[in-house]
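Here's the structure we're looking at; comments come further down.
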There are 4 protein chains.
Amino acid sequence: MSSLNKKFPRLLPEPIRKGMKVADLIDTSFKAYNGGRLAEACRLFTQKMIAGNGTVGMSLTGALTPAGLGRAAIVPLMKAGFVDWIISTGANLYHDLHYGLGMHLYAGSPFLNDVDLRRDGVIRIYDVLFDYDVLLDTDAFVRQVIQGSEFQHTMATDEFHYLLGKYVYEREKKLKIKETSVLSAAYQYGVPIFTSSPGDSSIGMNVAAMALRDSKLLIDVNRDVNQTAAIVYAAKSSGSTSSVFILGGGSPKNFMLQTEPQIQEVMGIEERGHDYFLQCTDARPDTGGLSGATPGEAVSWGKIDPENLPDCVVCYADSTITLPLITAYALSKAAPRKLKRLYTKRDALYADLRAQYFKHGKVEKIEHRTDLSKPKRGRSGRSVVGTSRNGKTT
Amino acid sequence: MSSLNKKFPRLLPEPIRKGMKVADLIDTSFKAYNGGRLAEACRLFTQKMIAGNGTVGMSLTGALTPAGLGRAAIVPLMKAGFVDWIISTGANLYHDLHYGLGMHLYAGSPFLNDVDLRRDGVIRIYDVLFDYDVLLDTDAFVRQVIQGSEFQHTMATDEFHYLLGKYVYEREKKLKIKETSVLSAAYQYGVPIFTSSPGDSSIGMNVAAMALRDSKLLIDVNRDVNQTAAIVYAAKSSGSTSSVFILGGGSPKNFMLQTEPQIQEVMGIEERGHDYFLQCTDARPDTGGLSGATPGEAVSWGKIDPENLPDCVVCYADSTITLPLITAYALSKAAPRKLKRLYTKRDALYADLRAQYFKHGKVEKIEHRTDLSKPKRGRSGRSVVGTSRNGKTT
Amino acid sequence: MSSLNKKFPRLLPEPIRKGMKVADLIDTSFKAYNGGRLAEACRLFTQKMIAGNGTVGMSLTGALTPAGLGRAAIVPLMKAGFVDWIISTGANLYHDLHYGLGMHLYAGSPFLNDVDLRRDGVIRIYDVLFDYDVLLDTDAFVRQVIQGSEFQHTMATDEFHYLLGKYVYEREKKLKIKETSVLSAAYQYGVPIFTSSPGDSSIGMNVAAMALRDSKLLIDVNRDVNQTAAIVYAAKSSGSTSSVFILGGGSPKNFMLQTEPQIQEVMGIEERGHDYFLQCTDARPDTGGLSGATPGEAVSWGKIDPENLPDCVVCYADSTITLPLITAYALSKAAPRKLKRLYTKRDALYADLRAQYFKHGKVEKIEHRTDLSKPKRGRSGRSVVGTSRNGKTT
Amino acid sequence: MSSLNKKFPRLLPEPIRKGMKVADLIDTSFKAYNGGRLAEACRLFTQKMIAGNGTVGMSLTGALTPAGLGRAAIVPLMKAGFVDWIISTGANLYHDLHYGLGMHLYAGSPFLNDVDLRRDGVIRIYDVLFDYDVLLDTDAFVRQVIQGSEFQHTMATDEFHYLLGKYVYEREKKLKIKETSVLSAAYQYGVPIFTSSPGDSSIGMNVAAMALRDSKLLIDVNRDVNQTAAIVYAAKSSGSTSSVFILGGGSPKNFMLQTEPQIQEVMGIEERGHDYFLQCTDARPDTGGLSGATPGEAVSWGKIDPENLPDCVVCYADSTITLPLITAYALSKAAPRKLKRLYTKRDALYADLRAQYFKHGKVEKIEHRTDLSKPKRGRSGRSVVGTSRNGKTT
């Protein structure tokens with residue numbers, strides 16, 4: 001007989017009962033396959049990622065804000081101090097504006113005739129519907145707001161979104177709605193929001209159109225790259241943790257993970273990788289794309305600390321199911337954290353990384369490689385995934 | 001401006017809060033994409049499928065019982081009277097035996113070395129682990145039980161599983177465990193369990209090996225086909241509803257759906273199709289397999305009543321996530337139903353269908369086709385999916 | 001610098017040119033991800049599975065025959081002696097009858113209105129369309145044929161399909177069509193075809209309906225289980241190889257793989273597992289189902305010989321793409337093999353396995369486990385996947 | 001009986017034969033499901049998209065160049081004049097540099113230990129392997145090249161990639177390799193290459209690091225947005241077609257499609273949408289993300305001309321399989337086209353669009369919506385998908 005019982009917990013869930021709370025259901029009946037991964041994700045987020053004041057970055061892809069997940073889950077997570085910085089597609093921020101501006105989206109159906117919809121001026125995102133006027137009004141809002149003098153210079157997207165968020169926040173106040181918009185919440189809570197593809201959305205489209213006029217607004221992509229790396233470097237160099245919470249995949253996933261190669265490979269600074277990796281996606285690894293690349297593959301690039309690989313979790317399920325569950329679990333199991341307000345520290349973090357870069361980086365080939373055999377700082381303890389994934393079974 | 005507001009509900013979820021109950025979370029924050037489908041599935045099951053004493057068939061594929069979902073969800077659903085009959089893969093019933101016999105499975109990891117596992121006598125089902133002895137002991141249990149005289153004849157799988165369930169139930173009593181095994185629960189609650197592939201599992205393998213000796217046990221596949229059709233025909237001909245709750249896809253999905261063509265196409269009896277269709281799967285339609293075939297495609301075959309197509313739901317997500325959620329929702333929102341104990345009525349239902357067959361069927365080509373323009377019996381009312389999926393948008 | 005160049009081939013494909021042949025394109029430009037897997041699958045099939053007179057079993061799931069793949073690919077593979085035995089869903093055999101009986105299916109569209117189709121008597125399988133009469137006529141054919149005296153007994157599905165195939169073959173001759181039907185080809189070439197779910201298809205439905213009359217036809221599931229194991233045992237015990245070519249997944253996949261546990265775990269006969277495993281599917285492993293279970297997981301069960309694991313291939317792509325490519329590759333690269341005509345040897349193979357069973361098996365718990373450290377017979381050589389998948393990189 | 005035979009071709013493929021050419025295999029045996037879609041994709045590309053001198057944009061996501069598809073397929077398509085402009089992830093261009101610089105990548109395995117790889121300095125992209133030095137050397141190349149004076153200003157990505165491509169081309173010449181790099185080919189053939197996420201890749205990372213020094217290189221995202229729209233507008237306003245060939249999904253898919261809303265919704269110019277839409281992806285629509293959004297959904301946004309929706313094709317399969325097949329088909333069936341050299345016309349196209357914008361656009365809300373009932377210019381004829389997807393079946 002093997003010694004399975006010494007290495008792994010017995011799999012014997014409790015029967016589901018009437019009136020169960022979300023956290024109890026997950027803890028007692030999500031035991032294997034993607035259900036098991038979801039339970040591990042909840043514990044990883046709650047017990048490791050937000051523990052010890054660790055820094056948590058969240059990447060947003062897929063049409064999450066149109067599905068109402070900004071208001072339902074992302075804003076509550078930000079408010080609780082559980083998400084410290086964000087990389088989003090432009091689309092998620094553009095559609096977030098509809099909510100912040102009090103516009104109406106509808107829970108429709110995916111089975112409608114799109115030719116009829118086009119004729120009738122109805123826009124469809126799978127089963128989410130809204131009027132074409134929602135686009136036109138939001139576009140006009142963006143164009144009018146960015147005419148303001150504070151927008152008339154080259155800036156990184158965290159600054160741009162902060163400035164935009166201020167206008168959304170003011171509109172919310174006027175409309176007497178609150179906690180509805182991710183951009184507004186980010187402004188209030190000092191959560192920097194970046195986008196990896198600043199031209200790729202109706203926000204970027206309107207910025208571009210205004211640039212044909214006399215607008216001086218231009219996105220400083222370089223600052224975005226360095227600023228995100230600076231956030232990660234600050235977390236790691238202080239002896240704390242840097243964790244990534246990836247919804248979907250795409251360019252924001254890569255932009256969040258590449259902060260570590262930016263530090264190590266390009267800047268020549270010794271680092272071991274992000275500490276914890278949590279992804280909810282339907283992208284599988286076998287097609288080779290970065291969206292479905294595993295934490296293991298990320299280890300080979302230095303993006304993830306190999307020591308924490310056993311704790312990394314990928315849950316293959318739609319974010320519209322997993323995100324509300326993880327949010328409900330975390331809010332139930334962990335107390336709110338003090339807001340880090342990383343936006344207010346942006347210049348200091350940037351200056352720190354810049355100084356390190358000048359110490360270690362060069363234009364010519366960098367020879368440096370992190371010595372993983374060296375002892376590292378703190379942070380260990382029992383695995384939250386309930387098992388040693390590498391557990392020998394003899 | 002379109003009239004979206006007249007046809008669809010506004011999409012504006014509530015913020016997720018600490019300590020939320022499962023049913024509240026689903027009702028308030030699952031609004032679109034597969035999250036929206038999951039909420040519709042919960043409402044479809046609770047408000048339509050189990051309403052009005054409708055008959056509910058459940059099909060089980062994927063390794064659900066190894067993941068503990070027998071004990072966590074399927075047994076509670078059976079006990080509450082929410083599942084009236086079942087079609088399962090043999091594997092789900094075989095692995096259910098481990099639970100009923102008090103054996104130990106472990107919540108392991110998918111990242112172990114299988115060559116080592118093989119050497120060490122550990123069996124792996126993705127991240128579920130157990131000793132090879134679990135197989136060998138379960139095999140011996142099956143072989144010894146089926147030596148009993150009540151097993152020495154040709155029988156359908158519902159009878160076979162009922163007889164087997166009795167032995168599991170007795171073992172459970174001896175071990176002082178309860179509500180652990182689907183087979184035992186089915187025996188207690190009179191829920192007939194069929195399998196569409198009786199040779200395809202370690203149960204079937206042991207039955208086959210014993211047939212090389214002097215065992216007289218042989219599965220009557222024909223009775224299975226006709227008996228399942230008889231259950232559906234009884235529900236429909238009584239003016240009630242027949243609904244299918246499909247977990248995964250595969251042969252059990254087809255076996256459950258084909259009851260309608262058996263009635264209409266082969267037996268020549270006028271019928272309109274199953275009433276409600278609920279599937280949780282990761283099989284997409286585009287690869288052409290029946291696992292991913294949509295309710296719409298099923299309508300073209302007469303498997304589903306076209307009138308109820310707008311209420312049919314397919315949720316693309318792992319059953320290890322969806323089944324606990326749907327179970328918790330249904331148990332929270334609906335009172336237990338009186339058990340139908342269809343197993344006790346098997347001969348009567350069979351005789352009824354047989355009589356109808358002799359009235360309408362023939363060996364030569366059947367010309368009959370259901371006239372869908374004729375008014376049908378009862379069952380209508382507001383859609384539970386929250387929208388008219390066919391809603392014109394002008 | 002690592003020694004990658006010593007262990008792996010350089011990845012540098014040739015530019016694609018006008019007029020390329022299938023085999024050349026695959027060899028020169030399919031290098032990574034599922035394209036790489038497909039090239040490995042082609043080589044595995046051609047250089048290992050059909051080499052040395054090895055026995056090849058093919059499992060068929062998904063609606064392959066409706067898509068024309070019976071005529072396009074499966075019949076040519078059988079004719080070339082590249083497929084020695086088959087496990088199919090009933091549906092693939094039922095729809096194969098339409099082709100053998102000269103009926104018409106149409107290359108339609110997945111975007112039609114199913115309620116209209118139902119009204120108009122059109123059946124849809126994703127984008128394949130045909131008249132309801134195709135079903136009704138095929139049903140009548142089955143009912144009429146099985147009234148023959150040779151069908152009036154209990155029999156395994158290989159015998160049933162052989163007898164049915166004879167009638168299809170005769171119909172083909174009358175209609176002056178040929179090489180159109182899998183069932184007919186199997187009859188002609190002596191390829192045994194099993195189904196793991198004999199009641200689950202319109203063939204099984206008509207058999208069941210006729211059993212309500214005076215038909216004596218009943219499927220002997222036990223014989224199917226033992227007969228398939230006998231085929232594998234014969235291959236392995238003769239020092240040859242047993243390989244599985246799995247299209248899709250589902251019950252036929254399990255039924256094909258379980259032959260090895262039937263030999264080892266249930267019958268107590270020492271064996272190491274199938275030699276080569278080739279699967280084309282869209283089922284991923286993470287949802288825990290057997291459809292997506294990896295060759296590695298199969299090793300832990302004794303289904304696959306651990307020694308050959310590095311050569312096993314899973315290609316995640318639709319069979320309607322992969323099967324024609326693999327077929328064209330194999331026919332181009334390998335000469336036809338002498339037909340094994342396993343159907344004609346069925347009783348001898350069965351008797352052999354039965355004799356072994358009586359030597360090793362018992363009713364009580366079997367303690368035996370294969371000793372993998374013992375040297376095995378023959379069969380080695382360079383890996384066809386182009387790499388040692390376990391290649392250390394230092 | 002229905003009139004299927006009047007609307008759809010009979011589905012009766014030819015048997016596959018030895019030595020078949022790619023184009024013949026696709027035409028004769030790819031008939032349904034994703035195989036059918038792939039055949040339609042081949043015909044759509046060859047008979048419609050590149051016909052009549054139509055403009056073809058290609059979007060690249062997933063790690064295509066690491067898999068060798070730059071050299072195998074994309075360069076040959078560019079050389080034949082079949083791809084006029086490109087939107088790529090940065091990663092595809094960064095890894096393309098390895099090929100252009102003569103570095104070595106290896107066809108490895110996905111089953112290696114990533115912790116060992118990290119320790120040994122081996123980078124893994126699923127089953128593609130290469131030394132860490134490949135990254136470090138490529139990084140140094142980028143840093144050194146962009147120190148040149150021609151890089152010292154703000155520029156759009158098409159200009160940046162053109163300048164970079166020139167250096168790659170020169171390196172290729174020195175190394176005596178050719179037709180190996182997408183960037184080099186784009187430089188030679190005047191194909192503009194954009195990226196939607198200019199900071200998101202090691203190219204962007206090195207540009208950002210150099211910006212910490214004295215580099216003046218900054219990407220003009222606004223020009224990218226307007227320049228891509230200008231290419232589409234030029235194609236459409238000249239009476240020709242604009243087609244999109246989408247590999248994968250992600251930000252490049254959106255950036256390519258948003259050109260139409262930029263013209264219509266933001267700039268107020270009347271337009272109907274792209275003409276033809278061809279996507280190869282594994283992203284399904286049900287999760288709501290843009291990656292899996294259907295051509296139908298794109299119609300509702302004005303991204304695709306509703307009139308051509310029946311011809312749009314989505315093939316759910318890995319690009320490493322589909323792209324070589326489509327490339328081989330197109331090169332075999334169509335003669336090379338005269339190169340459009342759109343890069344050389346960039347300023348003229350940009351000026352044209354700018355002029356139109358000043359005619360129609362405004363800062364305030366735009367009320368304009370395209371009148372789809374107006375007759376449009378030219379371009380019709382028989383559908384290439386072989387069916388009218390909307391074909392009524394009565």
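Labels below follow one simple rule: chain letters A, B, ... track the order of the sequence lines, proteins then strands, and each chain is numbered from 1.
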For [X], which atoms come within 4.5 Å of any heavy atom of chain A: side chain, backbone, both, or neither?
X: Y99(B); answer: side chain
X: A80(B); answer: neither
X: A328(B); answer: both
X: L77(B); answer: neither

Largest heavy-atom contact set with chain A, pairs under 4.5 Å, which of R71(B), R10(B), K21(B), E179(B): R10(B)
I321(A) vs C315(B) side-chain heavy atoms within contact, under 4.5 Å: yes
Close side-chain approach of K333(A) and K18(B), heavy atoms under 4.5 Å: no
Over all heavy atoms of both residues, which pair between [X] and [Y] is shortest? Give the atoms and the distance, please.
X: S332(B); Y: G19(A); result: OG-N, 2.7 Å
X: L25(A); Y: P324(B); result: CD2-O, 3.9 Å
X: A32(B); Y: V128(A); result: CB-CG2, 3.7 Å
X: K31(B); Y: A107(A); result: O-CB, 4.2 Å

Heavy-atom proximity to chain B below 4.5 Å, by part of P76(A): side chain
Going from [atom1] on [X] to [atom2] on [Y], what distance comes out if it is rounded to the nearest 0.5 angstrom?
X: D282(B); Y: D282(A); atom1: CG; atom2: CG; value: 10.5 Å
X: L11(B); Y: L129(A); atom1: CG; atom2: CG; value: 9.5 Å
X: K7(A); Y: S109(B); atom1: NZ; atom2: OG; value: 12.0 Å
X: M103(B); Y: L12(A); atom1: CE; atom2: CG; value: 14.0 Å
X: F130(B); Y: L4(A); atom1: CZ; atom2: CG; value: 10.0 Å
X: Y33(A); Y: D318(B); atom1: OH; atom2: CG; value: 9.0 Å

Residue from V22(B), I16(B), L325(B) passing side chain to side chain contact (heavy atoms under 4.5 Å, CB included) with L325(A): L325(B)
Picking from [options], which has the most non-hydrogen pairs under 4.5 angstrom with chain B?
options: S319(A), A67(A), G296(A); value: A67(A)
options: A23(A), A63(A), G36(A); value: A63(A)
options: A317(A), P13(A), G62(A); value: P13(A)

Criterion side-chain contact (heavy atoms from CB on, under 4.5 Å) on T320(A) and R37(B), from CA distance to verdict: CA-CA 10 Å; T320(A) 55; R37(B) 294 302 84 67; over 6 Å; no
